[in-house]
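Worksheet: the structure to be examined is printed underneath.
The first residue in the sequence is number 1, and the count goes up from there. The figures that follow rest on heavy atoms only: side chains count, while hydrogens, waters and symmetry mates do not. Keep in mind it's a predicted model, so treat the numbers as computed, not measured.
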Amino acid sequence: MENTENNKTKSVAGEGGYMLEDVPHLSEYISHLPAYVNPLQDNPSYSVVKQNFVNEDDSVTQKVYFESDEVLACIVTCGGLCPGTNTVIRELVCGLHYLYGVSSVLGIEGGYRGFYSKNTITLTPRFVDDIHKRGGSIIGTSQGGCDILKIVDSIQDRGINQEIRKRGLKVAVVGIPKTIDNDIPVIDKSFGFDTSVEEAQRAINAAHVEAESFENGVGVVKLMGRYSGFIAMYATLASRDVDCCLIPESPFYLEGPGGLFEYIRKRLKENGHMVLVIADGAGQELITENMHTIDLQQDASVNKSLEDIGLWITQKIKVSSVLVLAFDVAKSDPTYMIRAIPSNASDNIYCTLLAHSAIHGAMAGYTGFVVGPRINERRNRVVITDRMWARLLSSTNQPSFLDPKDVVEAKKERAQPNQLLSGDNP
């Protein structure tokens, strides 16, 4: 039975159109919800910890809302591959077992569809002991397939502890956001990003060797970045071998003064080679204009299907009349190589933080939330007027491709009095 008196969630509308809400608690929907002594009180690792997990009422000295022996937890992975997925699975299983004494954990095979069309895998600390050393997902994944009614039926039938408010079930639903693009709204950083940047550097280094070995060699590296160019930007800054980086947030043009072709010709004359990094969501408007169509299809996850910007721009460079140089173009697309590798040390630590935060929040009775550091209220995208993008431009010496009118307006805004470093990233 729902507790309608407390069923009032504070909501705040973000600037990006997203609704931010207080984290719901099971007690808001279920009357007379029993509480239990928190097992962490007797855990030597946490018995002296003073910090709270969500608020002052859920520190390790307080109560939990699930009895460990009665918990049946499940883990499902969805969408594309991402470094660190297996690490998150491992830390969830081990955290539930060693911190809270939960011994019944299932892995749902094949993504959301696995709830109603696949088998489950019993996950134990021994089974997941070394999975963090592998890429991919040991329980499989898929895009789409989120049939809510079928999933809830399966959850109820199996007795899996995830909160379904409408049916008044005593269950907790927790999400750990996953994308190597780092473009999730509200969440500041997603796991797998650091690993992806590190691996992207290897592809850039290979492209640089290839381009440098040929007269007027051009290396084109296409990296992930459907809506946000974070991987391309950070990999470019880290490698220092890139001459031009193109991302979705910064429109560019090919021909004319200040265009890409003019810059390529200049770099080839100066250095005899160049490396171009491009996010796969960049320049899509140029392709659609060229193909006289804007009807992009969607994949199973309702993301727009992108044209191959790497192949398109490679062909454009080859047939350009502006370059009038004998040159060689080599294209690299390391997408699958980057997605499929195990996470590095930095991401492994971060995955542990996320997994444990999810466990603590669920056991404390919270539900319908995602875990992650710092909140922003819009899709996480590169801001081409801040210092990080300026650092990239100064590193590559590429043109900004900004409209001169935009530059004038930006200078006017900068000339206005403001506090030192106000609202700016260091």
If you look at every heavy atom in [X] and [Y], which pair is closest and at what distance?
X: Ile384; Y: Ile247; result: CG2-CD1, 4.4 Å
X: Glu199; Y: Ile338; result: CG-CG1, 3.8 Å
X: Thr195; Y: Ser343; result: OG1-CA, 3.4 Å
X: Ile131; Y: Phe127; result: CG2-O, 3.9 Å
X: Thr396; Y: Val242; result: CG2-O, 3.3 Å
X: Val221; Y: Ile204; result: CG2-CA, 4.3 Å

Validation row: [X], [Y] side chains within 4.5 angstrom (heavy atoms):
X: Ile30; Y: Tyr65; result: no
X: Ile317; Y: Leu276; result: yes
X: Thr85; Y: Ile89; result: yes
X: Leu223; Y: Thr335; result: no
X: Ile313; Y: Leu246; result: yes

Determine whether a donor-acceptor pair (N or O, by modelled atom type, separation under 3.5 Å) exists between the side chain of [X] and the backbone of [Y].
X: Asn182; Y: Ser190; value: yes
X: Lys178; Y: Leu81; value: no
X: Asp183; Y: Gly225; value: no
X: Thr141; Y: Thr77; value: yes

Could you tell me whether Arg90 and Asp130 have a side-chain N and a carboxylate O separated by less than 4.0 Å?
->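 Here Arg90 does not pair with Asp130 in a salt bridge, since their nearest N and O are not under 4.0 Å apart.
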
Under 6.0 Å between ring centres, would you say that holds for Phe193 and Tyr350?
->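 No, the ring centres sit 6.0 Å or more apart.
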
Nearest 0.5 Å, what's the [atom1]-[atom2] distance between [X] and [Y]?
X: Glu249; Y: Arg381; atom1: CD; atom2: CZ; value: 4.5 Å
X: His97; Y: Ser104; atom1: NE2; atom2: OG; value: 10.5 Å
X: Ser394; Y: Leu237; atom1: OG; atom2: CG; value: 8.0 Å
X: Asp243; Y: Asp241; atom1: CG; atom2: CG; value: 8.5 Å
X: His132; Y: Cys351; atom1: NE2; atom2: SG; value: 11.0 Å
X: Leu286; Y: Tyr253; atom1: CG; atom2: OH; value: 12.0 Å

Apply the test side-chain contact (heavy atoms from CB on, under 4.5 Å) to residues Ile176 and Leu92: give CA-CA distance (whole Å), side-chain angles for both, the deciding distance (0.1 Å), then the verdict.
-> CA-CA 11 Å; Ile176 301 180; Leu92 286 172; 4.2 Å; yes

For Leu106 and Ile121, what are the C-alpha separation, side-chain angles and deciding distance, and is it a side-chain contact (heavy atoms from CB on, under 4.5 Å)?
-> CA-CA 6 Å; Leu106 299 177; Ile121 303 173; over 6 Å; no

Return the orientation label for the Phe369 and Tyr366 ring planes: parallel under 30°, perpendicular over 60°, tilted otherwise.
->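 Plane angle over 60°, so perpendicular.
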
Given Asp194, which of Ile180, Asp347, Ile349 fulfils the side-chain contact (heavy atoms from CB on, under 4.5 Å) condition?
->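 Filter result, single survivor: Asp347.
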
Can you check ring pair (Phe, Tyr, Trp, His ring centres under 6.0 Å) on Tyr100 and His360, steps first, answer last?
-> CA-CA 9 Å; Tyr100 288 96; His360 295 319; 5.7 Å; yes

What residue among Asp333, Thr314, Asp280 forms side-chain hydrogen bond (donor to acceptor under 3.5 Å, both in side chains) with Lys222?
->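 For Lys222, the side-chain hydrogen bond (donor to acceptor under 3.5 Å, both in side chains) check succeeds only for Asp333.
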
What do the steps show when you test Leu260 against Cys244 for side-chain contact (heavy atoms from CB on, under 4.5 Å), and what is the final call?
-> CA-CA 9 Å; Leu260 179 62; Cys244 187; 3.8 Å; yes

Apply side-chain contact (heavy atoms from CB on, under 4.5 Å) to Ser228 and Asp181, showing your working.
-> CA-CA 7 Å; Ser228 303; Asp181 288 357; 5.5 Å; no

